[in-house]
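Some notes on the structure that comes next.
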Amino acid sequence: MPSIAKPIVTHPSLEKNSLGLNLRAYEGAMSTLCAGCGHDSVTAAVVRAAWKLSIEPHKMAKFSGIGCSSKTPTYFVSGAHGFNSAHGRMPAIATGGGAANRSLISIGISGDGDSLSIGIGQLAHAIRRNLNIVYIIENNGVYGLTKGQFSASADIGSKSKKGEANRISPIDPVMLALSLGATFVARSFSGEKEQLVPIIEAAFKHNGLALIDVISPCVTFNDHEGSTKSYLYTRKHDYHVTDSDVVFPVDELVANISRNGHTAVTMHDGSVLHFTQTPEGYDPRDRAKVFAYLQQHQQEGKVPTGILFIDESQPDMHGVLGTTEEPLTQVPYETLCPGSGELEKLMEEFR
Amino acid sequence: MPSIAKPIVTHPSLEKNSLGLNLRAYEGAMSTLCAGCGHDSVTAAVVRAAWKLSIEPHKMAKFSGIGCSSKTPTYFVSGAHGFNSAHGRMPAIATGGGAANRSLISIGISGDGDSLSIGIGQLAHAIRRNLNIVYIIENNGVYGLTKGQFSASADIGSKSKKGEANRISPIDPVMLALSLGATFVARSFSGEKEQLVPIIEAAFKHNGLALIDVISPCVTFNDHEGSTKSYLYTRKHDYHVTDSDVVFPVDELVANISRNGHTAVTMHDGSVLHFTQTPEGYDPRDRAKVFAYLQQHQQEGKVPTGILFIDESQPDMHGVLGTTEEPLTQVPYETLCPGSGELEKLMEEFR
Amino acid sequence: MPSINDFAIKLANVNGTGSASANGLLMQTIFRMGIPVAGKNLFPSNIQGLPTWYEIRVSGAGYGARALDYDLMVAMNAQTYAKDVQEVRSGGYLLYDSTWPLPKELHRDDVKFLGVPLSEMLTKTVPEPRTRILLKNIMYSGSLAALLNLDMEIVEELIRESYGKKQALLDANRQALHQGYEYAKANLECPLPFRCEKMDANRDKILIDGNTATALGAIYAGATVAAWYPITPATSVMDAFKAFADRYRVDPETKKNNYAFLQAEDELAAIGMVIGASWAGARSFTSTAGPGISLMSELIGLAYYAEIPAVIFDIQRTGPSTGMPTRTQQSDIMMCAYASHGDTKHILLFPSNPNECFDFAVKSFDLAEQFQTPVFMLSDLDIGMNDWVVDRLRWDDNYKPNRGKVLTSEELDSIKTYYRYSPEDADHVAARTLPGINEKGTYFTRGSGHNRLGGYTETPSEYQEVMHRLLKKHWSVAKYVPEAVIERKYGATFGIVTVGGCDLACREAIDILDADGIPVNYMRIRGFPFGPEVERFIMDQPFCYVVEQNRDAQLRALLTLETRVPKDKLQSITAYGGYPLSAKSVVEGIHHKRDQKHIATQDLAVMAE
Amino acid sequence: MPSINDFAIKLANVNGTGSASANGLLMQTIFRMGIPVAGKNLFPSNIQGLPTWYEIRVSGAGYGARALDYDLMVAMNAQTYAKDVQEVRSGGYLLYDSTWPLPKELHRDDVKFLGVPLSEMLTKTVPEPRTRILLKNIMYSGSLAALLNLDMEIVEELIRESYGKKQALLDANRQALHQGYEYAKANLECPLPFRCEKMDANRDKILIDGNTATALGAIYAGATVAAWYPITPATSVMDAFKAFADRYRVDPETKKNNYAFLQAEDELAAIGMVIGASWAGARSFTSTAGPGISLMSELIGLAYYAEIPAVIFDIQRTGPSTGMPTRTQQSDIMMCAYASHGDTKHILLFPSNPNECFDFAVKSFDLAEQFQTPVFMLSDLDIGMNDWVVDRLRWDDNYKPNRGKVLTSEELDSIKTYYRYSPEDADHVAARTLPGINEKGTYFTRGSGHNRLGGYTETPSEYQEVMHRLLKKHWSVAKYVPEAVIERKYGATFGIVTVGGCDLACREAIDILDADGIPVNYMRIRGFPFGPEVERFIMDQPFCYVVEQNRDAQLRALLTLETRVPKDKLQSITAYGGYPLSAKSVVEGIHHKRDQKHIATQDLAVMAE
Ligand SMILES: Cc1ncc(C[n+]2csc(CCOP(=O)(O)OP(=O)(O)O)c2C)c(N)n1
Ligand SMILES: Cc1ncc(C[n+]2csc(CCOP(=O)(O)OP(=O)(O)O)c2C)c(N)n1
Ligand code: SF4
Ligand code: SF4
Ligand SMILES: [Mg+2]
Ligand SMILES: [Mg+2]
């Protein structure tokens, strides 16, 4: 059999979540990505996080742009609506979707090309609006689908498959998001499921845009020696700044400090994000310090990972807009239309 | 006479610069902006800086997008080519212009709408490329030309003329530029000519993209009480972090410290940027610290101004591209065309 | 013999000096006097200091197109004196500020000059210079009231409505008004030979601009998600929508909004938001102008191909590129009909006035959802930003939004398997489902190749099947768009075909030609794809003049491509300088064409107004 | 009777398994045997694991269009067995891996099955699984060499050229090749009744794809600034340009580059860079596909209106939206002709093969600079990415780039005042100046309203004057674009009109029809605006079939709008499934049309290939 068919992401566990669903129920179509592509591991992590959170599949809305990464929403939660839109335009489409129906549990999957080149404007402004979405950038430093050109996240000195070194200064989605006032900023590695799954869970709990930059190596075009986005390099330089877990209900929380003395943050739905590990003096709620910490550690060649920053106090897009709690799609037409009487009255003002 | 005709920007000084030109030679057409618009003061500062630097007018290339701010290149240095392009697209147009003819002295004038909304992607990527350009954002917190909507730089809580408060988190061009690896980042105030002119001079000297965020109040739509981009507010909160001056030739420079103990930076052409004032411990070459400093002071409600960051060591776009020193527009066609012989040889490879 | 209720005046000002309020005051006064009136605002793309004009045409007969000969010029802008004086008809009048001697640029022998010492009078009574500038407009309005026989009671009433609560302002305005009025009464020929007399033509009318009516249509259609990026002349649609929404869409109990108003970062994002919101099931729209449509092109193709409703109000302005942002044109017709790469065809609606803006805005949502596709309503700066006297807007409370085929959760439960693009109905539309409703209805929306089931495909036959259905779906729309308005005249030997705001000028031209013994048939197109009546009308005529406001005869091009009429049936008359169309341009264009022997395809009438 | 040099084979594989090198090996072998050959790569929009096909047509008579009946199928992809076996002509052959028993999906009575135990043989000799997968392709190539009578010396030579320096790889490949060859010789009917025999048809030919030739054209034209954003199928233009530039454009002394290669952040930026660079005086270009053109629309209008050269290579793919990125189509014709809002018209060049890509790429720069306007070269995936046998590219060293009217510093010194848009020459072009040259030549470039002097205007007559000149300028281009290729046949009663890569299929169809006693005239259009010969040819025919690869008959639409020919002269034949056109589709389309009584305007032939 010559075809390299990839098996549907499978898990031994047939354990059921609180909806009575097992992991399978959160899987999707068979992946058509290259065998070993980091994106498939991110898919698996999303599957697991959604399962753990017992998200009703059809309540989820999956958005993406164009790229190998953007193909992945087909590969998870087939019981959810998906929208594979246009290159770099996912944030706006998801903004519209979220505006129309705020009860949707939105997840957006993008690539470094999709979000940092053509789509950087939409990403920046979705961050500003604090759209309620889990926003994952599957970051491999290249344009996978168009065969391996450097993307805007390629580090200076990182080498292409042909051996050419990138010389243009990279855009780091984490730094960018911090400088734009993002309310949830994380980084992880597709090879680090133990870290990634809880991050995604916390992201789903976050009330606003949760940006997760996942280093997700492209085995076909950017996994060679000299690349700073290879499995090897990332594994070697991965530096867990924080580890965390979402716990509910809230009981043991005292003044934003969890049992173990680390930071704890109460999420919108009352659950608590416990940081189980943070460096001495690191406060994931202090934007300036986080920025300085990351800048310094990245200069040392580290790839800092974990939930790096969180601010749960900001209103999300609907909070800012003052929209009604009911999804706009469910407000009855009768409520929306002022009717003929009002129009007649109004007409007097145009005389 | 009912018309509010504005006089051509005039200056008492008829002093001549080293080219034998007086200020007049650096002026442009009569402004059609509102009387009192901050942009007109920025225009005057550009005129003065260009005059002081004795730039040959026709060597200059003026680029802009669309907006009141983007109209201003008509109002200075009429002896230079100007390109009033499309909304948000100035950075790309200027990149092409600079790529074609690296001997042009490029200046780009944009607005907060032009550069932070529709044009944020192009701005971000021009910064990455370190295009050699003086890039001025005439920042008034609104879209002036379309009558006063909030722009992306409007602060939270800043009030519109009608009294509505902005609730969306702002994009600060300075923070953004710092996070994107910009090599020259400054902020000033249109009302602070003494500070602004030397900043523009230094920006012209900089080898790469020199971003200057100039708070430039819109008297018609955003100069009222409650606005954080009004003359009054800005004057009150303006906080000079650094003052600086460009000096040539280089003689008194020892190890990047100028006479007075402040930082000094040797520019590309050998001139020296002397900081005449910096706060204790402030190093305009330390990106992380500058970021933290600004974050902190802005949280306190200050508007930090001056040349805030500089890194003169990075190659500009042509440095990265390895382009020939001669402007590409001047490389003779004979050099560019490989000729028939080469083609014949090459054809053998396609057999 | 005095000419009653039949004249045109033009006011020349500097923008940013408060002339707009005086223009409105005059318009509304005449309107409340029951007289048909039309205003055209010719303003610059600038905030302060450049020339701006306002034209008021008073026409008891109800002609509302732009006039080209002015009986009276109010010359308040020194920059344009020389030009303005030339536009007065021979024997006409010019009002100027006689504080200073008559400027020499204003010389003309066949024009009468009416001097009012505006500045002088104001300097005496008003200390603050900026206030003086503003009040000057009210003062000459007072003089005009005297000269044109306006009803001062109405004028006063209007001033009260504006400044009612601000006594100081009210007093200052009143004083200026009366000074101007009294001065004219005492020193000038009052009333002039052309003047107003009360009528009762406006009982069922309103004075409204198209953008306000469009916004109101969106409100009544039940649109909940509005996404946009500011651009002249589309901005006021959104300003109006926001104002109406704040009034009609705030829950009285919770004070929460039953709408989401999204100022996007650019037009690419705005259309993306509309598509996302429509996909999720909201009625959603954007409002923009030509540059915005160019930027939206890619995503418009996505909505077409993935079959997602989207409503786009294109308030056309003069292109190409930035062009003249404050001038009108109908030059986005071809672009909107075929927007985006690949094979695409879109639904277009063409309102001709604010009343139709309201109706067609509602229709846009119905068609977009019925056919799951983008709908463009092509208005323009003339319709959108000028004040028109039109019939009162009316609402039928029996209206039910046509949400198109959307499966409910119960319907989904009752079917075996759901596929996005089949089965199709007689109009070639397949049912869609909304996210968040029912797991059985979930599918994957994509702009990449897909088959009738909605699955990804790269197989030619599967791809073509869907594309061909889309074409048939487009053709099905022809019977649902508003029918063309057709008026036939006995003995007509040719027809005029036009679109949008050219309506008034064309009708007036037809009356003029009729009076000259040239009866003409008339058709105004209101939707694309064209209904059968469009082809039939043209076929019935020996030939037609297609009158439109663009250089390249875009409506004619669309008719040529999308009907079976032979090309030589369609001759072109274009006027594309950026000002609203006048009947004179149409009549002259027709005479000019009729004088020509051979009509070449590419010979376009280029007329400067 | 054996059929010599006249057959087609198809290789069905999984992408990412190294089949491309085997495809190339076979193509090049046949080419070097002096036999006309054509290859069509039908690959998925995916990097690894999806079906991919390669078709090789061997035609001593020189027919290079896509074949539709395959004499031999190499079935290496289990996912597509069932489909692939159906495509073999009755009596044809199918080669499969007989390591396993003949899969039941491969059943057909009228096809002969050729089993080669590829995996089995490889398992014995090659330990590493990934290497086995790669070598399998070489092994079946060996079998094919035996079956099709390929020259093994050439095959070996080619392998040496590829792996010459890597001895281990060379040996492995050689071994696999010979194993396959020997097995076939020993066990299968070798050679097959259809097979190759050496010829000498390729002495002056090369085997090249259109994108490589396009890039070479840009190099020879002297382009220095290349700006782009990756997109299939346009990427390889840029890859090739970069490779050639690294070879021909690096200063031997300084090692510095005489070019700037800018990977932009998106297409909006790419076209902006091109416009900026062209404005500054460089020859500059971008390469993109449909979605990119949609995104570039706004700035294309700027370049049109401000009169700035810009060269855009549109390598068309299947739309709308993302569509099928690895499938071909000619569906950007209308969009490119009228790209952007407002009234615009653009120059289009239509190459039909790589040789013309080279010539027309050069021509694009000449026309863009001569007319100071955007020029689109419309290639497509078929032309751009498939390997074509064409005449060697030739270069005339006397070529001087036509830089258009650009004033030098000396010329500027000698004139009184410089104005950007006047005076105009006979082609309605005014001289431009470049920045950095001379203060006397400076002016302000703008996309907003401007008059003939280049000054800002909002005055209708001034605006129209410039717009009308732009129209006349556009018409002037007609005499400079490459003339249509016209071939007439005695007794022809109708014509075929086509464009681009449809050339080969149409010519072959004409030969087929001719053989059937139906002589047909032929015209292939190569540029827009259309030269007079285009109209003349169509006028001379009773009617024409316009053959093109899109749903909406876009070339016919353009001919309808931009010539004076009556509409009923133009009937439409379209094939738009995404695969290269075959003669069979054309012939069947014509027969189908001829059988129809009434031809409705909107009746498009929808044919699944
Ligand atoms: C408008 C547009 N331009 C270009 C493309 C071609 N394109 C497809 S995917 C892609 C880049 C994808 O890179 P990234 O987002 O990093 O995803 P990856 O494949 O690396 O996961 C590009 C440029 C496109 N589809 N649309
Ligand atoms: C594509 C496009 N969209 C919208 C506009 C309308 N527009 C003109 S200027 C402007 C905003 C200008 O704001 P800013 O850049 O801040 O300049 P300012 O006028 O405040 O100086 C907008 C939205 C346009 N010209 N083009
Ligand atoms: S090309 Fe790279 S990113 Fe794309 S599927 Fe393959 S490994 Fe993943
Ligand atoms: S509107 Fe504002 S920004 Fe524009 S010219 Fe007037 S004051 Fe300046
Ligand atoms: Mg990537
Ligand atoms: Mg602004």
Measure distances from C:L118 to the heavy atoms of chain B and classify the residue's part below 4.5 Å as side chain, backbone, both or neither. neither
Starting at CD1 of B:I66, measure out to OG of C:S321 and round the result to the nearest 0.5 Å. 7.0 Å
Would you say CD of B:E225 has more than 12 non-hydrogen atoms from neighbouring residues, nucleotides or ligands within 6.0 angstrom? no
Just how far is it from atom CG of C:D266 to atom CG of B:D114, taken to the nearest 0.5 Å? 11.5 Å
Which one of B:I120, B:N84, B:T146 has the most heavy-atom pairs closer than 4.5 Å to chain C? B:T146
Taking every heavy atom of C:I47 against every heavy atom of B:C68, the minimum-distance pair comes out as CG1-SG, 4.3 Å
For C:T322 and B:S85, the nearest pair of non-hydrogen atoms, with its separation, is OG1-O, 4.1 Å
Heavy atoms of C:Y229 and B:G113 approach each other most closely as OH-O, 4.0 Å
Before giving the answer on side-chain contact (heavy atoms from CB on, under 4.5 Å), spell out for C:K242 and B:E164 the whole-Å C-alpha distance, their side-chain angles and the decisive distance to 0.1 Å. CA-CA 12 Å; C:K242 179 80 170 58; B:E164 250 181 291; 3.7 Å; yes
Over all atoms of both residues, closest heavy-atom pair of C:L50 and B:T32: CD2-CG2, 3.9 Å
How about B:I156: does its CD1 atom have over 12 heavy atoms from other parts shown lying under 6.0 Å from it? yes
The test is side-chain contact (heavy atoms from CB on, under 4.5 Å); show your working for B:H87 and C:I231 and say whether it passes. CA-CA 10 Å; B:H87 195 33; C:I231 190 167; over 6 Å; no
Heavy-atom closest pair (C:S45 atom, B:K71 atom, distance to 0.1 Å) is O-NZ, 2.9 Å
Between C:Q263 (side chain) and B:F150 (backbone), is there a donor-acceptor pair under 3.5 Å? yes
